[in-house]
Amino acid sequence: RLRKWQVRARAQSSMERNLAQAVIELERLGAQLGLPKAVLDRALDIYKSALDSNLVRGRSIESVMAAAVYAACREMRLPRTLDEIALYTRAGRKDVARCYRLLLREASLKVPLPNAADFVPRIGSLLRLSGATIKRAMEIIDQARNAGLTAGKDPAGLAAAAIYIAALQNGEMRTQKEVARAAKVTEVTVRNRYKELVKKLDIKLPVSKK
Amino acid sequence: MLRLTRPKTATLIFSSGKMVCTGAKSEAEVQKAVKSIIKLLKAHGIDIKNEPVIEVQNIVASANLKASVDLERAAFLLENSMYEPEQFPGLIYRMQDPKVVLLIFSSGKVVCTGAKKEEEVKRAVEKIYNILKEQGVLVEEE
DNA sequence: GCTTTAAAAAGTAAAGT
DNA sequence: ACTTTACTTTAGAAAGC
């Protein structure tokens, strides 16, 4: 009986130690990514459930926490790409992605599909665009979705293209390079998405150059 | 661990005598590849007395459903699926009956992997086609 | 668990013209 | 801008780390 008690105490203390380090990791990630407290709280909850499902065994606290943060961001529709989060962790994005898949399967976590519109506000504010342009970009994304042009495409790339078009239409032109940098995708991706949107949604552009 | 290429295959050869042959398009191609490898080994003074026992471990096949797929709805409706367009454009569907994994794309193209028999591939492709059709996520065109 | 091998799908990326 | 090469995902076996 004493043995049983000791085993339980040992397990509990190791869990507490793990959690304590995880919180330190969470605070570091949260500060570097500039995430609101609500997201961090949710990430901690996800991490705790992962801990209870023993899925942290054998992998780094760092990657599991990064995966939990990514999941929390998606749940709260606060766009952060997996690569962005992986940038601040020692483990590579491959490891974080693996932990994220583990959370989905083993911890039966349900995360909503990423919506390109969720990326618009942040990209828009980085480019100091007006509310009207941001609204317009979201409308374009809605149209694209209804036209079935979003399947399989990177939401960040779609958001970037929609913003590029909206800005052009509202006379707040930003270069493809600027938009690409803000959205963290390449110029080529912005260009490809932009061309497809203009063609298939027959969007008319103001005095265009090419 | 050596690597050779002949009839468009790559083979890993282990000291135990076991080999892993990949890249062949048919079982007949595997037979040809294994025979030529044995011939090659013998030519280099390595004797092989037993006949090779060949087992198919995995078949990778591509198919075309000839209809586009609404991946967002499919991801929502299918239980064993994973769709993360941020990381990969295809929907990953783990089928239990023929135990295979299917990568489903919005174009209607499909990749089936994990099967050990051609018949399983056919069954799996027909099965997802019907599942997708019943779920109303197939947009027949053409 | 990781490593190596091959192939397909579609998207994104990077480098060289 | 276009092209080429390459990497993302999936499965499976082998033997060793």
Side-chain angles (χ1 to χ4, degrees), chain A residues 55 57-60 63 81-83 86 91-102 104-105 149-158 160-161 176 180 183-196 210, chain B residues 1-26 29-30 33 37 53-65 68-69 71 80-95 98-117 120-121 124-125 128:
Chain A
L55 79 70
R57 240 189 297 189
R59 43 199 98 241
S60 73
S63 8
T81 63
L82 210 163
D83 306 76
R93 70 132 257 156
K94 202 167 183 174
D95 223 34
V96 178
R98 240 185 57 233
C99 290
Y100 171 64
R101 274 171 234 138
L102 226 78
L104 293 185
R105 305 199 94 230
L149 303 177
T150 60
K153 270 85 170 190
D154 180 358
L158 270 167
Q176 294 183 354
K184 293 165 188 68
V185 295
T186 63
E187 283 177 69
V188 179
T189 296
V190 175
R191 195 175 303 126
N192 289 341
R193 292 302 124 240
Y194 146 79
K195 280 182 181 173
E196 183 179 43
K210 154 232 71 43
Chain B
M1 197 207 261
L2 301 171
R3 178 205 180 168
L4 309 170
T5 49
R6 202 44 43 79
K8 199 70 163 92
T9 59
T11 305
L12 304 177
I13 304 170
F14 296 84
S15 54
S16 65
K18 294 194 175 180
M19 317 192 295
V20 174
C21 178
T22 60
K25 291 268 179 273
S26 67
E29 263 188 36
V30 182
I37 286 166
V53 178
I54 298 172
E55 271 182 282
V56 175
Q57 300 295 164
N58 185 25
I59 295 174
V60 180
S62 58
N64 191 346
L65 302 181
S68 52
V69 184
L71 296 183
N80 305 310
S81 69
M82 192 187 239
Y83 174 48
E84 297 286 333
E86 226 176 90
Q87 293 152 68
F88 190 69
L91 169 330
I92 301 162
Y93 181 68
R94 289 159 201 281
M95 190 176 276
K99 192 179 174 301
V100 301
V101 171
L102 299 155
L103 306 182
I104 306 166
F105 299 84
S106 65
S107 64
K109 297 279 186 63
V110 170
V111 171
C112 175
T113 185
K116 286 186 162 49
K117 296 179 178 180
E120 291 176 342
V121 176
V125 172
I128 22 106

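Values reported hereafter were calculated over all heavy atoms of this structure, with side chains retained and with hydrogens, waters and symmetry mates removed. Naming: A, B, ... by sequence-line order, numbering from 1 per chain. Quick caveat: nothing in here was measured; it's all calculated off a predicted structure.
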Where the side chain of T189(A) is defined as all heavy atoms beyond and including C-beta, which of dA9(C), dA7(C), dA13(C) is the nearest nucleotide? dA13(C)
Given that R93(A) and M19(B) both sit by DNA chain D, which one's nearest nucleotide is further toward the 5' end? R93(A)
Ignoring hydrogens and angles, does a donor from either the side chain of S62(B) or the base of dA8(C) sit under 3.5 Å from an acceptor on the other? no
Could you check, using the six-membered ring where one of them is a Trp, whether F88(B) and F105(B) have ring centers closer than 6.0 angstrom? yes
Applying the Watson-Crick and G-U wobble criteria at under 3.5 Å, what pairs with dC2(D)? Answer none if nothing qualifies. dG16(C)
Of all the nucleotides listed (dT12(C), dT5(C), dC2(C)), which has the minimum atom distance to the side chain of R98(A)? dC2(C)
What's the CG-C1' distance between L91(B) and dT9(D), to the nearest Å? 12 Å
Nearest listed nucleotide, side chain of V185(A), among dA11(D), dT5(C), dA13(C): dA13(C)
Nearest to the side chain of K153(A) - dT12(C), dT5(C), dA9(C)? dT12(C)
What is the pairing partner of dA6(C), taking Watson-Crick or G-U wobble pairs with both distances under 3.5 Å in any strand? none
Quick one: label R59(A) by what it contacts on the DNA or RNA (base, sugar-phosphate, nothing), any heavy atom closer than 4.0 Å. nothing
Ranking K109(B) and G23(B) by the position along DNA chain C of their nearest nucleotide, the one closer to 5' is G23(B)
Donor-acceptor contact below 3.5 Å, side chain S60(A) vs main chain S63(A): yes
Closest approach to the side chain of R101(A), judged atom by atom: which nucleotide of dG12(D), dT10(D), dA14(D) is it? dT10(D)
Checking all strands, does S16(B) fall into the base, sugar-phosphate, or nothing category for heavy-atom contacts under 4.0 angstrom? sugar-phosphate
Nearest-angstrom distance from the residue atom CG of D83(A) to C1' of dG11(C): 13 Å
Check whether any side-chain N or O of K25(B) sits under 4.0 Å from OP1 or OP2 of dA6(C), and answer yes or no. no
Nearest of dA14(D), dT10(D), dT12(C) to any side-chain atom of R193(A)? dT12(C)
Once you round it to whole Å, what is the distance between P of dA10(C) and CD of Q87(B)? 19 Å
So, the side chain of Y83(B) versus the backbone of G152(A): is there a donor-acceptor pair under 3.5 Å, distance only? yes
Among dT12(C), dA9(C), dT5(C), which nucleotide has an atom closest to any side-chain atom of D154(A)? dT12(C)
Determine the interatomic distance between P on dT3(C) and the same-named atom on dC7(D); round to the nearest Å. 14 Å
Tell me what S107(B) touches on the nucleic acid: a base, only sugar-phosphate, or nothing, going by heavy atoms under 4.0 Å. sugar-phosphate
Looking only at heavy atoms, the pair that brings A91(A) and V96(A) closest together is O-CG2, 4.4 Å
Taking the minimum atom-to-atom distance to the side chain of V60(B), which one of dA10(C), dA14(C), dA7(C) wins? dA7(C)
E55(B) has an atom CD; how far is it from atom C1' of dA11(D), in whole Å? 16 Å
To the nearest Å, give me how far apart CZ (R6(B)) and P (dA6(C)) are. 15 Å
Toward the 5' end of DNA chain C, which comes first, G90(B) or N58(B), by nearest nucleotide? N58(B)
How many whole angstroms separate atom CD1 of I37(B) from atom C1' of dA6(C)? 13 Å
Check this one for me: any side-chain N or O of K116(B) less than 4.0 Å away from OP1 or OP2 of dA11(D)? no
Expressed as a whole number of angstroms, how long is the span from L102(B):CG to dA10(C):C1'? 16 Å
For R94(B) and for G17(B), locate the closest nucleotide of DNA chain D by heavy-atom distance; then report the residue assigned to the nucleotide nearer the 5' terminus. R94(B)
What residues, two or more places apart in sequence or in another chain, satisfy side chain to side chain contact (heavy atoms under 4.5 Å, CB included) together with K116(B)? Q57(B), E120(B)
Salt bridge or not between R101(A) and E84(B)? Use side-chain N to carboxylate O under 4.0 Å. no
Gap between atoms CD1 and P, on I54(B) and dA13(D) respectively (whole Å): 17 Å
Quick one: which of dT10(D), dA10(C), dT5(C) gets closest to the side chain of P89(B)? dA10(C)
Of the listed dG11(C), dA9(C), dA13(D), the closest approach to the Q57(B) side chain comes from dA13(D)
Given side chains that start at C-beta, do those of M19(B) and F14(B) come closer than 4.5 Å, heavy atoms only? no
